[in-house]
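What follows is a short report on a single structure.
Just so it is clear, the model here is predicted, and its values are computed rather than measured. Labels below follow one simple rule: chain letters A, B, ... track the order of the sequence lines, proteins then strands, and each chain is numbered from 1.
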Number of protein chains: 2
Amino acid sequence: MVAEHAGVSIPTVSRVLNSPDRVREETKQKVLDVVRTLGFYPNENARRLRTHEVQAIGVIVPHIRDFFFSEIYKGMSEAAEAAGVQIFLHDALQRQERLYEGFPLLKSKGCSGVILVSAYVSRDFETWMSRAGIPVVLALTESETGAIPAFKVDDVQASFDAVAHLITRGHRRIGIISGPDEDPTAGRNRLQGYQSALRHYNIPLDPALIAYGAFRFEHGYEGMSQLLLRQGDEPLTAVYAVSDEMAVGAARCLYDRGIRVPEDVSVVGFDNIRLASLVTPTLTTVAQPFEEIGSEAVVTLLDMIHQNITEQQKGTRYLPHRIVTRESTRFYAYDSS
Amino acid sequence: MVAEHAGVSIPTVSRVLNSPDRVREETKQKVLDVVRTLGFYPNENARRLRTHEVQAIGVIVPHIRDFFFSEIYKGMSEAAEAAGVQIFLHDALQRQERLYEGFPLLKSKGCSGVILVSAYVSRDFETWMSRAGIPVVLALTESETGAIPAFKVDDVQASFDAVAHLITRGHRRIGIISGPDEDPTAGRNRLQGYQSALRHYNIPLDPALIAYGAFRFEHGYEGMSQLLLRQGDEPLTAVYAVSDEMAVGAARCLYDRGIRVPEDVSVVGFDNIRLASLVTPTLTTVAQPFEEIGSEAVVTLLDMIHQNITEQQKGTRYLPHRIVTRESTRFYAYDSS
DNA sequence: TCCGTTTATGAAAAGGATTTCATAAATTTT
DNA sequence: AAAATTTATGAAATCCTTTTCATAAACGGA
């Protein structure tokens with residue numbers, strides 16, 4: 001080790017860096033000077049080998065290009081850094097098998113635990129994960145059996161609130177562009193919230209006003225154009241898309257057909273990614289607390305690792321969502337003619 | 001180490017795991033059985049401490065929320081994975097000192113090299129980097145001295161092309177919302193490209209048509225509103241913003257003032273991030289080959305690491321840009337009155 | 001059968017920090 | 001001023017592997 005420029009022993013340097021009060025002021029300064037001059041940083045591997053600190057956790061995302069990724073990653077990386085833990089990122093590149101591969105891979109790289117973001121967790125997937133023998137926490141998704149700790153918003157309630165936002169502003173003919181029916185989290189749950197809001201306010205459900213898509217711009221566009229074709233005599237006055245990206249796609253579809261947002265049709269999205277406030281009109285949407293979800297997931301995972309358990313807080317914890325009102329929704333006044 | 005259940009020595013276990021051909025079949029099986037039974041994984045810290053074979057490189061970004069991050073990261077992670085190398089990400093959270101910290105930090109974590117993305121590299125910064133004693137490659141930026149390998153587009157030429165795109169479509173009064181003047185890469189260079197395009201086509205330079213900003217939506221908005229105030233008797237018919245985000249901000253500013261894009265004013269951006277094709281009108285822009293830049297940077301860095309040199313390919317390599325024509329620009333027909 | 005190779009394994013060193021323990025120096029107590 | 005206590009520091013052990021290096025066993029050739 002180089003810091004013997006200071007003319008002290010190795011342990012003294014270590015003490016200066018770790019427990020500065022246990023060393024004389026004079027020596028401390030001398031050592032710190034050298035440390036600064038040489039730009040010395042202790043070797044993390046050696047230090048962790050000795051201290052048994054956890055060194056890394058893994059994060060698996062289905063697709064790093066998803067807009068919300070950088071939001072949730074921020075929360076995760078801050079929590080990880082605070083705990084002195086390194087994050088290993090694994091991008092599944094939208095391929096299911098790469099999602100699976102991630103677990104043994106990250107484990108072999110030295111990750112003591114894994115956070116799985118957003119991906120749908122089937123029963124099969126769940127047994128696969130448990131076989132990996134490594135603590136897992138879910139973010140933005142949950143497991144069917146509820147055996148794995150998960151952090152997300154209450155999709156049913158959030159969806160209910162989004163639709164209620166429209167209903168309380170006078171809308172009655174409200175379409176939905178939902179996620180894939182196979183996806184329980186962002187698909188079925190959000191559809192269910194939509195349906196129960198309509199029921200709650202005594203508005204008839206019209207299957208023609210339901211479209212499905214896979215969260216992307218194109219799917220929003222396509223879904224919207226289907227809804228327009230199927231809406232029948234009584235045109236819809238509002239659309240709820242279960243992702244901001246789809247909402248923007250839907251808005252574009254309306255724009256292309258000369259239908260104004262929000263004057264003719266109101267649009268609500270889901271996520272509150274940055275995109276929502278950059279488009280024109282800015283998007284009313286359901287805000288997910290991405291950063292908080294990310295940091296909570298990390299904290300919980302680290303707890304699990306330290307206590308050496310695989311299921312400390314079994315089940316899903318719901319974090320608060322909120323409706324962000326922007327330009328894409330407005331009151332609808334029924335024609336009195 | 002627990003694997004002495006197998007009745008062999010520690011090095012033998014190590015050999016079974018690392019160079020299986022150097023151990024007798026029988027012993028190998030015995031050891032592997034125990035390894036599987038006990039679910040043994042070698043301690044990564046100890047292994048890395050010994051081998052130095054750390055197989056990791058660091059990536060420093062000024063701000064992970066920048067839209068282009070996920071684009072360039074994709075290229076980097078693919079190249080890194082192909083080489084069997086782990087990426088350690090360091091988000092500077094927009095703070096200059098965290099940018100600096102990144103180098104010793106990543107090094108101490110075992111990174112054998114670092115890619116610095118997008119951040120402006122002053123002379124001071126450059127000496128700091130060299131002091132870290134670790135190979136560095138730049139992406140989307142370059143060093144003043146040109147001593148560090150860098151990958152980016154030719155900003156001057158790209159800028160020239162963007163403005164030429166407008167000029168050849170009949171525009172004469174063209175404003176620019178440039179980057180900060182202190183930023184040579186995306187600031188001065190792009191401004192210079194703008195100026196030389198105007199000169200090349202014999203169009204008078206009007207200082208009133210130059211605004212500055214820091215690449216974000218708000219700065220685009222603000223810059224645009226300044227240009228509108230200053231444009232004088234002969235209103236501008238086109239604006240070139242040196243980032244897509246700023247271009248979207250500028251478009252919003254125009255929208256708010258009832259000026260139509262592209263009917264009244266054409267808008268060109270820079271980057272071709274996904275945002276550009278999601279907004280309405282979709283944005284004509286200068287496409288940067290983010291993925292390629294990312295992967296090239298990784299490949300070069302790995303070369304440098306393996307050859308144990310700090311400056312294999314000194315200087316900047318320019319990758320091809322291209323103009324992507326979308327809805328935000330159109331031909332301008334001069335009033336013949 | 002004996003000797004030179006090759007092969008399989010173990011003992012010991014190395015890697016770079018932290019931590020324990022012992023000791024020298026400084027400080028306080030009596 | 002001597003004894004007792006506290007404080008600052010270094011020597012050596014430790015963390016867990018991998019990697020020489022040495023040695024014993026197995027093998028082949030003459």
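Look at A:Lys152 and A:Glu296 and you find no salt bridge, because none of the NZ, NE, NH1 or NH2 atoms lies under 4.0 Å from a carboxylate O. Between B:Glu25 and B:Lys28, at least one side-chain N (NZ, or NE/NH1/NH2) sits under 4.0 Å from a carboxylate O, which counts as a salt bridge.
Looking at A:Asp91, its side chain does come within 3.5 Å of a backbone N or O of A:Leu93 through a donor-acceptor pair.
Computed from coordinates, the B:Glu26 CD to D:dA25 C1' distance equals 14 Å when rounded to whole Å. Put simply, CG on B:Asp21 is 15 Å from C1' on C:dT9, counting in whole angstrom units. As rounded to whole Å, 13 Å separates atom P of C:dC21 from atom CZ of A:Arg22. Rounded to an integer number of Å, the gap from CD of A:Glu25 to P of D:dT9 is 11 Å. In this structure, CG of A:Leu17 is placed 12 Å from C1' of C:dT18, rounded to the nearest angstrom. One interatomic measurement links the two molecules: OH of A:Tyr41 to C1' of C:dA17, which rounds to 16 Å at whole-angstrom precision.
Rounded to 10°, the helix from C:dT1-D:dA30 to C:dT30-D:dA1 has 40° between the axis fitted to its first five pairs and the one fitted to its last five.
Residue pairs that meet the side-chain hydrogen bond (donor to acceptor under 3.5 Å, both in side chains) test with at least one member in residues 60-74 of chain B, sequence neighbours left out, are A:Arg65-B:Glu71, A:Glu71-B:Arg65, A:Glu291-B:Arg65.
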Under 3.5 Å, N/O pairs linking protein and nucleotides 11-15 of chain C:
from, atom 1, to, atom 2, distance (Å)
C:dA14, N3, B:Arg50, NH1, 3.1
C:dG15, N2, B:Ala46, O, 3.4

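Atom CG in A:Leu302 sits 9.0 Å away from atom OG1 in A:Thr300 (nearest 0.5 Å).
Classification of the B:Phe125-B:Phe103 ring pair by plane angle, with boundaries at 30° and 60°, yields perpendicular.
You'll find the side chain of B:Leu138 stays beyond 4.5 Å of the side chain of B:Pro149, heavy atoms only.
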